[in-house]
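What follows is a single structure, written as structure tokens, with notes after it.
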Amino acid sequence: MALEFYQLTSIGDREINQDFMAHSITEAYALFVVADGLGGHDAGEKASRFFCDGLLKSADIYSKQIAQSPVETFSAWITAAVNEMKRLFAIDQSGNDAHTTCAILYLDAQRVLTAHCGDSRIYRMNPQQILWRTQDHSIPQQLLNNGKITEQEMGLHPEQNRLTRSINILKAHEAEINLYPAMQQGETFILCSDGFWEYIKPTELLQLAEPASGKEELAKLARLAIFRTHGKSDNVTAQWVRRY
């Protein structure tokens, strides 16, 4: 596909990076994923990595089936990734209670598919506006939906880390899957962990959709997200995708 792509990850001020990212770009399709292992659970860093590994391992099989039933196939693909997580944890002999968030983007000539679970996000933008973002599975998102807080207050809310869904090998996946029209020329997608979006304003994020933006602007916002935490930064991970 005719895509420009950049990605970055930073440990921030944590002792370990529990974020993981992966991608696969072919002539027929492109797949991107950001996962954030949950620090309050065992082996979060392995959960995020094993989940991403599982998605890539199954890519050739499920990408060929997307056209017939996109949403159902994408769901089966995620289930296969969770099963691969389970296999890898069995080999590792750890992590039965490990959890991870995920933000997954699939692109081909006919469609856009997204899947997300937790508070890792996907944004779709053009140079004029943020067209949409995925809705977090979290307490702050529920408060926003009920008019109790603003979009800008979400990242700093004391219950920001309280999720209502996550990926775990002990249960069926709860990822939310959505089907959209194909990516248009000049559009930009951002996939990111909460360590990236929490301290970035929507107007600042929109800078990444400007025609001249790219790798340098992505890195600048990542540094800004870390700087604004005053030494308490979470892991920061982001992927930037544009069709040209």
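All figures in this text were calculated on a predicted structure; none of them were measured in a lab.
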Contact summary for A109 and A182, nearest pair of heavy atoms: O-CB, 3.5 Å
Mutual orientation of the aromatic rings belonging to F74 and W77 [parallel < 30°, tilted 30-60°, perpendicular > 60°]: perpendicular
From OG1 (T134) to OH (Y123), nearest 0.5 Å: 7.5 Å
Set of side chain to side chain donor-acceptor pair (under 3.5 Å) partners for N161, sequence neighbours left out: none
E153 side chain near L156 side chain, heavy-atom distance below 4.5 Å: no
Single-linkage hydrophobic cluster I177~I167, side-chain heavy atoms < 4.5 angstrom: yes
Residue pair Y180, W132: steps toward the ring pair (Phe, Tyr, Trp, His ring centres under 6.0 Å) verdict: CA-CA 11 Å; Y180 300 97; W132 50 256; 4.3 Å; yes
S166 and H137: CA distance, side-chain angles, deciding distance, side chain to side chain donor-acceptor pair (under 3.5 Å) verdict: CA-CA 8 Å; S166 60; H137 303 122; over 6 Å; no
Residue pairs passing the salt bridge (charged side-chain N to carboxylate O under 4.0 Å, His left out) test where at least one lies in residues 156-176, sequence neighbours excluded: E159-R162, K171-E174
Backbone of Y29 reached by a side-chain donor or acceptor of D108 within 3.5 Å: no
Any donor-acceptor pair under 3.5 Å from T79 side chain to S75 backbone: yes
Heavy-atom pair with the smallest gap, counting every atom of L31 and I104: CD1-CG2, 3.7 Å
Under 3.5 Å: donor-acceptor pair, side chain of S120, backbone of A103: no
Interatomic distance, K46 atom NZ to D92 atom CG [nearest 0.5 angstrom]: 3.5 Å
Nearest heavy atoms of H99 and A47, plus distance in Å: O-CB, 3.6 Å
Pairs where residues 51-66 contributes a residue and the test side-chain hydrogen bond (donor to acceptor under 3.5 Å, both in side chains) is met, not counting sequence neighbours: K57-E84
Shortest non-hydrogen separation from G118 to L163 and the atoms involved: CA-CD1, 4.2 Å
Flag for D119-Q141: side-chain donor and acceptor within less than 3.5 Å: no
Give the table of side-chain donor-acceptor pairs shorter than 3.5 Å for residues 3-11, with sequence neighbours excluded, one pair per line with atom names and distance.
{"residue": "E4", "atom": "OE2", "partner": "Y6", "partner atom": "OH", "Å": "2.7"}
{"residue": "Q7", "atom": "OE1", "partner": "Q239", "partner atom": "NE2", "Å": "3.0"}
{"residue": "T9", "atom": "OG1", "partner": "N17", "partner atom": "ND2", "Å": "3.0"}
{"residue": "T9", "atom": "OG1", "partner": "T237", "partner atom": "OG1", "Å": "2.6"}
{"residue": "S10", "atom": "OG", "partner": "G12", "partner atom": "N", "Å": "3.1"}

H116 side-chain N/O to Q135 backbone N/O, donor-acceptor pair under 3.5 Å: yes
Polar side-chain atom of Q93 near backbone of A90 as donor-acceptor pair, under 3.5 Å: no
All pairs passing salt bridge (charged side-chain N to carboxylate O under 4.0 Å, His left out) where residues 228-242 contributes a residue, at least two apart: R14-D234, E204-R228
CD (Q68) with more than 12 external heavy atoms under 6.0 Å: yes
hydrophobic_cluster_shared for L105 and L218, side chain cutoff 4.5 Å: no
Minimum heavy-atom distance G186-P127, with the two atoms named: O-CD, 4.0 Å
F32 side, atom CZ; W240 side, atom CH2 - distance, nearest 0.5 Å: 10.5 Å
Contact summary for N168 and A98, nearest pair of heavy atoms: ND2-O, 2.7 Å
Qualifying salt bridge (charged side-chain N to carboxylate O under 4.0 Å, His left out) pairs with a residue from residues 68-80, counting only residues at least two apart or across chains: none
W197 and its side-chain contact (heavy atoms from CB on, under 4.5 Å) partner, picked from D136, L205, V236, L221: D136
